[in-house]
*Asks:* 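Below are the structure tokens for one structure; questions will follow.
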Amino acid sequence: MIPVTPTDLDQPTERLAMALLDWVVVKDTPEGRRVGRIVECEMYQGPHDRAAHSYGGRRTERTAVMFGPPGYAYVYLIYGMYHCLNVVSGPPGAPEAILIRALEPLGDWPEAQTPRQRDRLLAGPGKLCRALGIDRRYYGHPLWQPPLWLARPDTPWPSYQIARGPRIHVDYAGEAAEWPWRFWIGGHPAVSVKSVPAFLTGPQTESTPRR
DNA sequence: ATATAGATGTACT
DNA sequence: GTACATCTATATT
């Protein structure tokens with residue numbers, strides 16, 4: 001498991017969002033190491049993106065980290081009970097971030113008893129944070145360092161296609177609600193919400209599930 | 001299978 | 001007060 005470097009995380013946001021689908025999230029806990037492959041994410045590109053917390057250049061205590069250098073964690077609380085993990089992207093001053101929406105569990109996940117439970121365990125931004133124990137304590141954490149970091153897989157994934165389409169739950173965002181800024185692995189069973197992609201890129205043409 | 005309602009805390013008109 | 005980058009339990013096709 002090779003940790004990513006700050007340089008790896010310094011890419012244009014759209015490219016980084018697609019690159020994330022090649023990486024894993026690692027969290028070291030007292031109970032052991034937990035690993036999940038990123039299979040779904042969404043980019044938020046303030047200040048012109050009405051769906052972004054940083055829309056209009058709004059800089060608050062909550063959004064401050066988005067205005068800093070890339071590769072740090074933006075963690076926020078949603079609906080009073082769930083946390084969401086984002087990777088800050090773009091150069092300082094560009095308040096952009098990528099929301100990690102779903103992971104495929106790799107290795108040991110004792111709380112998942114059946115294959116079905118395993119597929120759904122990390123399917124959703126709130127669920128994966130709960131399962132990984134991610135909360136506001138990780139706000140601003142550099143994502144190339146333990147105990148929470150991004151890494152390259154030990155062995156390359158089988159060939160996969162990247163699907164993209166509109167983001168989830170941003171209908172209030174006007175025109176921005178339709179921008180295809182959600183990315184996922186086509187046909188992957190751990191993706192949070194099934195939807196028809198607006199675009200597909202990658203070697204596969206048949207719609208066969210891939211892990 | 002899909003459709004609700006309800007939980008909860010922080011950020012913001 | 002209202003909205004929210006959500007999820008689960010329960011009810012209803």
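Basis for what follows: all heavy atoms, side chains included, without hydrogens, waters or symmetry-related copies.
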*Asks:* Return a single string for nucleotides 7-13 of chain C, one symbol per nucleotide in 5' to 3' order, where B is base contact, S is sugar-phosphate-only contact and - is none, cutoff 4.0 angstrom on heavy atoms.
*Replies:* SS-----

*Asks:* Using modelled atom types only, decide if a donor and an acceptor are shared between the side chain of A:E40 and the backbone of A:S192 within a distance under 3.5 Å.
*Replies:* yes

*Asks:* Under 3.5 Å, is there a donor-acceptor pair between the side chain of A:W184 and the main chain of A:L21?
*Replies:* no

*Asks:* Can you measure A:L77 atom CG to B:dC12 atom C1' for me and round it to whole angstrom units?
*Replies:* 15 Å

*Asks:* Let me know which of A:F67, A:W144, A:Y138, A:Y139 forms a ring-ring contact (aromatic ring centres under 6.0 Å, His included) with A:Y72.
*Replies:* A:W144

*Asks:* Calculate the interatomic distance between A:Y55 atom OH and B:dC12 atom P; express it in whole Å.
*Replies:* 15 Å

*Asks:* Name the stems that DNA chain B belongs to, where each is three or more consecutive Watson-Crick or G-U pairs with both distances under 3.5 Å?
*Replies:* B:1-7 with C:6-12, B:9-12 with C:1-4

*Asks:* Let me know the distance between CD of A:E178 and P of C:dA5, rounded to the nearest Å.
*Replies:* 18 Å

*Asks:* Looking at every strand, decide which applies to A:L99 at a 4.0 Å heavy-atom threshold: base, sugar-phosphate, or nothing.
*Replies:* base

*Asks:* Is the glycosidic angle of B:dT13 within 90° of 0, making it syn, or outside that range, making it anti?
*Replies:* syn

*Asks:* Within the 4.0 Å heavy-atom criterion, would you say A:R62 contacts the bases, only the backbone, or no part of the nucleic acid?
*Replies:* sugar-phosphate

*Asks:* Determine whether A:Y160 and A:H188 satisfy the following criterion, side-chain hydrogen bond (donor to acceptor under 3.5 Å, both in side chains), listing intermediate values before the conclusion.
*Replies:* CA-CA 9 Å; A:Y160 60 90; A:H188 198 287; over 6 Å; no

*Asks:* Measure from CD on A:E40 to P on C:dT6 and round the result to the nearest Å.
*Replies:* 10 Å

*Asks:* What's the NZ-P distance between A:K194 and B:dA1, to the nearest Å?
*Replies:* 11 Å

*Asks:* Report yes or no: is the ring centroid of A:Y76 under 5.5 Å from the six-membered base ring centroid of C:dA5, with the two planes under 30 degrees?
*Replies:* no

*Asks:* Starting at CZ of A:R136 and ending at P of B:dA11, how long is that distance when rounded to a whole Å?
*Replies:* 6 Å

*Asks:* Quiz question: going by heavy-atom distance under 3.5 Å, is there a donor-acceptor pair between the base of B:dA7 and the side chain of A:Y79?
*Replies:* no

*Asks:* Any N or O donor-acceptor pair under 3.5 Å from the base of C:dA5 to the side chain of A:H53?
*Replies:* yes

*Asks:* Holding to side chain to side chain donor-acceptor pair (under 3.5 Å), I want the full list of residues that pass it with A:R58, two or more places apart in sequence or in another chain.
*Replies:* none

*Asks:* Run the side-chain contact (heavy atoms from CB on, under 4.5 Å) test against A:R120 and tell me which residues pass, sequence neighbours left out.
*Replies:* A:R116, A:A123, A:K127

*Asks:* Sequence neighbours left out, cut at 3.5 Å: what donor-acceptor pairs do the side chains of residues 148-156 of chain A make with other protein atoms?
*Replies:*
unit_1, atom_1, unit_2, atom_2, d
A:R152, NH2, A:D8, OD1, 3.2
A:D154, OD1, A:M1, N, 2.4

*Asks:* How far, in whole Å, is C:dA3 from B:dA5 if one measures between their P atoms?
*Replies:* 16 Å

*Asks:* Salt bridge or not between A:R34 and A:E111? Use side-chain N to carboxylate O under 4.0 Å.
*Replies:* yes

*Asks:* Rounding to a whole Å, what distance do you find between A:I100:CD1 and C:dT6:P?
*Replies:* 14 Å

*Asks:* Work out which heavy atom in A:I100 is nearest to a heavy atom in A:L20; give both atom names and the distance.
*Replies:* CD1-CD1, 4.0 Å

*Asks:* Under the side-chain contact (heavy atoms from CB on, under 4.5 Å) rule, collect the residues that match up with A:Q11, sequence neighbours excluded.
*Replies:* A:R15, A:L16, A:A19, A:W23

*Asks:* Measure from CZ on A:R167 to C1' on C:dA5 and round the result to the nearest Å.
*Replies:* 8 Å

